[in-house]
Structures are given as structure tokens and as C-alpha cells.
Amino acid sequence: MPVSDEELKLRALAKTQLFVMDLRETDASPLLAAQLGSTNTRQPVVWRDAESELLVYPSQTRVKFAPGFVLVELTASSDQTGRAQLVFAYKIGATPNEASLTAVAESQPRGDATLATRWAEPATRLLWFALLRCGQVLLERRRSPEPLVVSGVYTLGKVLSFIATAPVGAGELRQYYAEVRTGDQPLDLSVLNRRYLGSVPLRRRVKR
């Protein structure tokens, strides 16, 4: 069957771009709250680390975006502190080329000093994983016939953008870096993502 010019253009565009799913700031707080450990976000959740417990209130979670930053306010309580707020700041990419699955966070969240000192490391890690799961939820809602994985996240300030690409195998990574060493390929992970995206249609999806 002959391929239309429009289909050819779409395929060419898909090979040079990434599938992007946008999460609006207004929708981010409830979606993140749903990833904090309970199917009922109105019920508190107990986080445990060693012998310590933290009571987290998912429904009171607040999320804000700024260019290259995600700010999360978490409401929690412990026997020593009572209920208090902690604010976590994550520095992430501000453009698609800077998107990745890693973030830079402050060594200690802002807010109640006792809670921040004890829960800085586990809570920072748990919240970041919860943010990444938000992207996985958006991807599962899409129900793509092609296998895709969330491979990066960035924000321009208005939405949190998750990039999805076709999975890249270890053999493909080895080939890519072999070409980098020989000078046949620029050292740019976005090139690797685009190279193996295949003919996945390029669309930008905003959660409604």
C-alpha cells in the first residue's frame, strides 16, 4: 500500500522529535498525592524509615512549577513535632534537551527543622520517585500500541513535561557510545532518544 506524503512527513517528524506529555500545575497536586501511598488521598499515610514514622497527609500536598524547578509542599506530622509543612525544591531541566530522570535537591527541605533534619533524605527521595510515577500514569492513560517509557522530565514553568521514548537496549547504548568515541556521533542523549523513537506519532498531550 503506498504511503501518503502526510504519513511520510509524520514519520520523519517522529524520528527527530520526542513524545511529550504535559501535566498542568492545577492537576499536579492531586496526581502527586495519589502516588504517596494510599488510594484514598483523604486518608493519612504512614512513611517508615528505620525506627521512625512520619504521618503524611496526601490531600494537603501542594505543587508549584518555575522554569527548571518543581516545588512540593508536604504536610506531615510526628510525635516530636506535631503537624508541620516541609517544602522540597527540585532543580530539573528547563528545556527538552536538558530533560532527564534525575534532579538536584537541597540537602535539607525548608520548614520545620526537626522534621527536615530527620526526614530530608528519605522524603526527598520518595517525593522524587512519586513525581516520576506521575509521568508513568500519564503514559499508561495514553495506551500506546508501541512500547514507550518515560525517559525524562523538564519544565518551562507552566507545566511539567514528561518525555516518552521507545526503550533503548544495552546493545544500542554500546553502539551509540562506540560511535561517540570514533567521532561519528555527537555526545547528546537527546539524539539517542530520537534515533530509536521510530515511527511513533508526535503529539503533545495535556492531562484534562
Side-chain angles (χ1 to χ4, degrees), residues 18-39 41 44-50 52-78 84-141 148-165 167-168 189-190 193 205 207:
L18 303 171
F19 184 90
V20 182
M21 300 168 293
D22 287 340
L23 177 62
R24 293 191 184 99
E25 189 176 78
T26 53
D27 299 320
S29 295
L31 184 58
L32 178 61
Q35 315 308 314
L36 298 184
S38 175
T39 55
T41 59
V45 177
V46 177
W47 287 1
R48 293 182 175 86
D49 183 60
S52 298
E53 292 186 345
L54 184 70
L55 194 62
V56 175
Y57 302 88
S59 64
Q60 298 179 35
T61 304
R62 300 292 178 264
V63 181
K64 294 291 183 182
F65 304 142
F69 286 91
V70 178
L71 305 175
V72 179
E73 181 184 85
L74 185 73
T75 299
S77 65
S78 69
Q85 284 73 42
L86 294 175
V87 178
F88 298 78
Y90 297 93
K91 178 67 178 77
I92 64 173
T95 67
N97 283 339
E98 297 172 350
S100 74
L101 296 177
T102 61
V104 176
E106 295 178 311
S107 59
Q108 190 166 297
R110 306 180 188 197
D112 184 274
T114 301
L115 279 183
T117 299
R118 173 60 187 86
W119 286 92
E121 183 178 348
T124 298
R125 184 174 62 251
L126 287 168
L127 277 178
W128 176 244
F129 290 157
L131 281 165
L132 293 181
R133 283 199 299 271
C134 290
Q136 187 61 39
V137 170
L138 297 183
L139 185 57
E140 291 170 357
R141 290 174 181 174
L148 293 175
V149 295
V150 175
S151 58
V153 60
Y154 69 96
T155 179
L156 300 176
K158 295 183 178 180
V159 298
L160 188 63
S161 300
F162 295 91
I163 291 177
T165 64
V168 178
L189 290 180
S190 63
N193 287 334
R205 185 184 182 96
K207 179 185 177 298

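Heavy-atom basis, side chains included; hydrogens, waters and symmetry copies ignored.
Nearest heavy atom pair, residue A94 against residue P67, reads CB-C, 4.4 Å. In terms of heavy-atom proximity, P109 sits nearest to A116 at O-CB, 3.5 Å. Summarising the geometry of P44 relative to P58, their closest heavy-atom pair is CA-CD, 4.1 Å, with the distance given to 0.1 Å. Nearest approach of M21 to L138, heavy atoms of both residues: SD-C, 3.7 Å. When all heavy atoms of L32 and L131 are compared, the pair lying nearest together is CD1-N, 3.7 Å.
Separating the OG1 atom in T155 from the CG atom in L23 is a distance of 9.5 Å, to the nearest 0.5 Å. The distance from the CG atom of L101 to the CD1 atom of I163 is 9.5 Å, given to the nearest 0.5 Å. Atom OG1 of T117 sits about 8.5 Å away from atom CG of D112, to the nearest 0.5 Å. Once rounded to the nearest 0.5 Å, the distance linking CG of D22 with OG of S161 reads 3.5 Å. Taken to the nearest 0.5 Å, the OG1 atom of T95 stands 8.0 Å off from the CG atom of L156. Rounding to the nearest 0.5 angstrom, the gap separating the CG atom in L71 from the CZ atom in R62 is 14.5 Å.
Applying the salt bridge (Lys or Arg N to Asp or Glu O under 4.0 Å) test to every pair with at least one member in residues 85-104, sequence neighbours left out, gives no pairs at all.
K158 has its side chain out of reach of E25: every pair of non-hydrogen atoms, C-beta onward, lies at least 4.5 Å apart. For the pair V153/V70, no side-chain contact is recorded, criterion being any heavy-atom separation below 4.5 Å from C-beta on. Between W47 and L74 the shortest side-chain heavy-atom distance falls below 4.5 Å. Side-chain contact between L54 and V45 is absent, with no heavy-atom pair separated by less than 4.5 Å. With contacts defined as side-chain heavy-atom distances shorter than 4.5 Å, the pair T41/P30 does not qualify. With contacts defined as side-chain heavy-atom distances shorter than 4.5 Å, the pair F88/L126 does not qualify. Side-chain contact between W119 and S52: present, with at least one pair of heavy atoms (C-beta onward) separated by less than 4.5 Å.
Using a 4.0 Å cut-off between charged side-chain N and carboxylate O, D49 and R118 make a salt bridge.
Although no hydrogens or angles enter the test, the distance criterion places no donor-acceptor pair under 3.5 Å between the side chain of T124 and the main chain of E121. A distance-only check finds no donor-acceptor pair linking the side chain of Q136 to the backbone of L132 [under 3.5 Å]. Between the side chain of S29 and the backbone N or O of V63 there is at least one donor-acceptor pair closer than 3.5 Å.
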Residues L127, L36; criterion side-chain contact (heavy atoms from CB on, under 4.5 Å); working and verdict: CA-CA 8 Å; L127 277 178; L36 298 184; 3.8 Å; yes
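The 12-atom threshold is not exceeded at CZ of R110, counting heavy atoms of other residues, nucleotides or ligands nearer than 6.0 Å.
W128 is linked by a ring pair (Phe, Tyr, Trp, His ring centres under 6.0 Å) to Y90, counting only residues two or more places apart in sequence or in another chain.
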